[in-house]
Amino acid sequence: MATGTGVKRLILLGNEAIAYGAVEAGLGFASAYPGTPSTEIIETLFRLAPEYGFYVEWSANEKVALEAAYGAAIGGLNSLVAMKHVGVNVAMDPLTSSAYTGVEGSFVIVSADDPGMWSSQNEQDNRWYGVRSYIPVIEAGTVAELKEVTKAAFEVSKRFKHPVLLRTTTRLSHSRCVFDVYEPEGIRRWGDIVRRPEKYSMVPSVARRLRSEMLRRWRDIERFMESFRFNWLEGDGDILLIGVGASYGVLKDSIDVLGIQGHGIRILKLSGFIPLPKGLLSKAFDGVSRVLIVEELEPVIETLIKAWAFDMGYNIPIFGKKFIPLEGELTIERVVSGLARFLGMANPLIENRVSNDVLEELPPRPPNLCPGCPHRGSFYSLRKALAKAGVRPIYNGDIGCYSLGILPPYRMQDTLVDMGSSIGFANGFAHILKDNKVPVAIIGDSTFFHSGLPALVNAIYNRAPMLVVILDNRVTAMTGAQPHPGSGYFQDGSKAPRIDLESVVKGMGVEFVVKFDPFNINDSIEKLYEAAKYVKERNAVAVAIAERACTLYIVAQARRKGIELPLYAVDMDRCTGCGICYNAFSCPAILPLDDKRAYIDPSLCVGCGECVYVCPHDAFYEVKPWSKEYTSLW
Amino acid sequence: MSSDVLNILLTGVGGQGIITLAKVIGRVSLNRGVNILMAETHGMSQRGGSVVVHVRLGNASYPLIPKGLADVILGLELIETFRVLDYASRDTIIIANEGVVRPALPNIKMPSRDMLIRYARDSGLNVVYLNARELAERAGDPITLNMVMLGALVASGVLPDELDINAFKNVIISLPMGDINLRAFEYGYDAFHRIVSGDIRSLQDALP
Ligand SMILES: Cc1ncc(C[n+]2csc(CCOP(=O)(O)OP(=O)(O)O)c2C)c(N)n1
Ligand code: SF4
């Protein structure tokens with residue numbers, strides 16, 4: 001595949017390698033909705049697009065992103081869509097049918113799973129989706145393989161004109177190593193009109209025929225995967241260890257730790273495992289007496305292999321989850337422990353440890369809202385306003401930086417399940433609460449465009465009284481400040497159409513809509529109070545929109561442009577040490593001194609000025625005012 | 001593996017520049033043709049949470065260092081350094097910035113620095129403490145604390161021969177604010193030598 005021209009040696013993040021692999025495969029179209037750990041794939045493609053000319057977009061949600069890329073693949077292009085594991089749930093409907101229709105070009109769906117839930121609400125194993133959807137699943141065995149395996153995913157898809165699921169994990173996506181990068185052989189940017197309703201319009205009569213065709217194609221793919229070049233056998237012996245996807249890398253290093261390489265052990269590496277490469281499996285099983293399948297999370301391959309082995313009449317012990325943990329990310333020490341038990345050896349890593357009792361003495365350090373984050377002011381004001389209005393809230397939170405409102409002192413995320421669930425859950429609570437108990441839905445702007453819209457339409461139609469607070473910070477902050485339909489600009493900073501939240505909400509028919517600036521605490525409390533009163537008295541939907549950009553994003557721009565930040569400080573004569581600013585408001589730039597009085601760390605302060613409103617003793621004052629340049633960034 | 005892989009664990013608080021520090025090590029390894037595999041582990045990025053980067057030099061297949069097998073721990077913040085002790089053994093060289101960053105949670109109890117240092121001493125750990133913040137400020141900007149720590153890592157002599165001080169200097173000078181960063185790196189490099197040679201009294205010896 002490599003042409004050898006323009007080869008460059010680079011250190012790349014796993015996700016960057018996936019992007020480079022797609023480009024080398026002749027990518028024409030890419031779309032995504034951001035989500036950790038997938039985001040850098042599209043960010044990298046945005047960087048490479050001007051040079052290679054393919055099309056890239058941030059879509060409004062994963063379903064739209066998948067349909068867009070699917071459409072482009074029907075139009076004949078090589079296309080890619082990327083999302084985090086839970087994003088695939090959102091896109092499941094078109095994804096399932098894409099295996100029925102196939103495409104004209106190639107179509108690679110990247111699912112970035114998050115074993116260990118480093119930044120997710122669950123650790124679902126999306127390999128099952130391949131099994132239940134007749135979509136091949138391919139996963140690199142090591143970080144170093146990512147780029148070539150990505151290219152192989154495109155090759156399989158192109159060959160069978162069938163979608164392929166390229167699975168990656170947090171560990172693969174967020175690791176770095178050295179890659180050789182080549183120039184693509186040719187990029188096709190423009191597609192064709194394809195008028196083939198007998199293939200692409202899934203009315204029942206068509207769908208029935210397509211299902212038979214899909215099953216036939218699946219058998220062809222199965223045969224092809226027999227010789228997939230990223231599957232292989234290593235070593236020999238009567239014990240078979242199977243490393244599935246990225247678990248192969250863990251298995252290799254664990255074997256090294258145990259020092260058992262070459263000691264009667266045969267290794268089967270599987271990177272293309274759905275459909276199962278049965279011929280290769282037969283070879284691997286030939287003459288072995290025991291088998292251990294090492295795979296992260298669910299026993300997907302264990303289940304498939306056991307069923308196959310039963311059909312084949314193998315009568316040997318086959319293990320998987322009995323020795324390898326079902327929960328959480330695999331690590332070398334966890335696999336070493338399982339392997340040692342499986343082989344009846346001592347675990348050499350146990351003696352090595354030092355005592356860690358000190359851990360209990362260490363305070364936790366969860367991620368927290370940035371200093372000057374507008375969400376902090378919104379939470380603070382919302383709580384005061386609801387108390388003032390005599391409303392007892394249930395806070396239906398949502399997914400974004402504001403999820404951190406679950407932490408003390410705010411604790412204002414009573415429910416938080418999936419993107420859009422804030423308004424969704426409020427639709428339930430609205431009809432079962434009375435006596436001044438009011439559902440509040442707190443939702444970010446990006447999340448509102450992603451999946452809040454239909455939930456709000458539902459609330460209006462079904463007359464569900466609720467207070468909806470939309471936190472408009474202009475970007476998708478949690479995943480690194482990507483623009484969205486309300487931002488007004490594209491990833492490269494050029495001007496884009498801006499969908500105005502207030503007009504959208506009014507156009508839907510919400511009668512009470514109010515905007516507030518969370519930096520102005522007094523005014524925010526007043527406006528949120530009016531909104532809460534409206535819901536309580538009128539039993540209807542009210543929407544309050546917090547308008548203040550993501551501070552981290554603005555401060556990064558200021559730093560880049562050399563613009564000086566404003567600064568506040570504490571008047572020590574006025575400060576009584578009451579702690580409201582660092583405990584009740586909890587700004588990370590305000591620290592307690594030994595005598596409990598407050599101190600602003602000038603390296604953390606961004607000059608939001610909210611402390612001035614929060615302090616009952618008037619102790620905060622401006623040291624450096626907002627410059628014209630700084631003001632214009634907001 | 002343990003014999004031909006060097007395991008370096010970098011730890012600190014989001015915003016301290018750990019990722020930049022790791023990228024410099026990556027760049028130097030690339031320039032000098034040393035195999036490197038690095039994993040960044042953090043929760044929800046850049047909002048002041050704990051950040052740990054695993055760096056493995058040599059022929060590793062999986063990027064996470066096994067617990068108990070870190071050859072070096074480079075801690076940019078003291079609490080975070082103690083949080084990763086699971087990765088250490090008595091053979092591990094621990095290079096720790098003595099500075100503490102208070103987590104932004106209300107009403108938390110902070111461990112005392114003396115308690116932590118005594119704990120390390122009593123557990124027989126091999127720790128070198130640096131006042132990296134002061135050195136960074138002296139270099140011209142507290143933000144260069146990461147380069148001070150990198151200087152100390154290079155001075156410790158654990159890195160493979162190919163990754164010598166000049167290889168680092170060449171990369172650091174090309175960073176934004178290259179001159180200040182380079183000065184910070186050199187201060188960290190010298191400070192490590194002076195602490196180890198007893199020229200500067202180490203915190204451990206200063207315990208009551
Ligand atoms: C289905 C799904 N897609 C993507 C994500 C990843 N994700 C978490 S929060 C978030 C968006 C947050 O943006 P916004 O609502 O504007 O809140 P902000 O972080 O800006 O405060 C995304 C994309 C997810 N958790 N679930
Ligand atoms: S990244 Fe932006 S939205 Fe997120 S916590 Fe920081 S300032 Fe707030």
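Just so we're on the same page: letters track the sequence lines, and every chain starts at 1.
When L10(A), I11(A), V336(A) are compared by the number of non-hydrogen pairs under 4.5 Å with chain B, I11(A) comes out ahead. The greatest number of non-hydrogen atom pairs below 4.5 Å with chain B, out of V250(A), L330(A), T142(A), is found for V250(A). No other option in L13(A), L172(A), V358(A) has as many heavy-atom pairs under 4.5 Å with chain B as V358(A). Put simply, of R171(A), E361(A), H174(A), the one with the most heavy-atom pairs under 4.5 Å next to chain B is R171(A).
For a residue to count as touching a neighbouring chain, one of its non-hydrogen atoms must lie under 4.5 Å from one of that chain's; by this rule V55(B) does not touch chain A. No part of L78(B) comes within reach of chain A, as not one of its non-hydrogen atoms sits under 4.5 angstrom from that chain. Residue Y119(B) touches chain A through its side chain alone, counting heavy-atom pairs closer than 4.5 Å. With a 4.5 angstrom heavy-atom cutoff, A246(A) touches chain B only via backbone atoms. For P371(A), no part lies under 4.5 angstrom from a heavy atom of chain B.
With rounding to the nearest 0.5 angstrom, the CD1 atom of I19(B) is 6.5 Å from the CZ atom of R176(A).
In summary, R56(B) and D253(A) engage in a salt bridge, as defined by a charged side-chain N under 4.0 Å from a carboxylate O.
When all heavy atoms of P66(B) and L349(A) are compared, the pair lying nearest together is CB-CD1, 4.3 Å.
Side-chain contact between L362(A) and L116(B): present, with at least one pair of heavy atoms (C-beta onward) separated by less than 4.5 Å. Between V178(A) and N35(B), every side-chain heavy-atom pair lies at or beyond the 4.5 Å cut-off. Contact check for S123(B) versus V354(A): no side-chain heavy atoms found under the 4.5 Å cut-off. L85(B) is not listed as a side-chain neighbour of L359(A), based on a closest heavy-atom distance of 4.5 Å or more. When side chains are defined from C-beta on, S586(A) does not count as touching L105(B), because their heavy atoms never get closer than 4.5 Å. Side-chain contact between S175(A) and E40(B) is absent, with no heavy atoms from C-beta onward closer than 4.5 Å.
In this structure, R334(A) places its CZ atom where more than 12 heavy-atom neighbours from other residues, nucleotides or ligands lie under 6.0 Å away.
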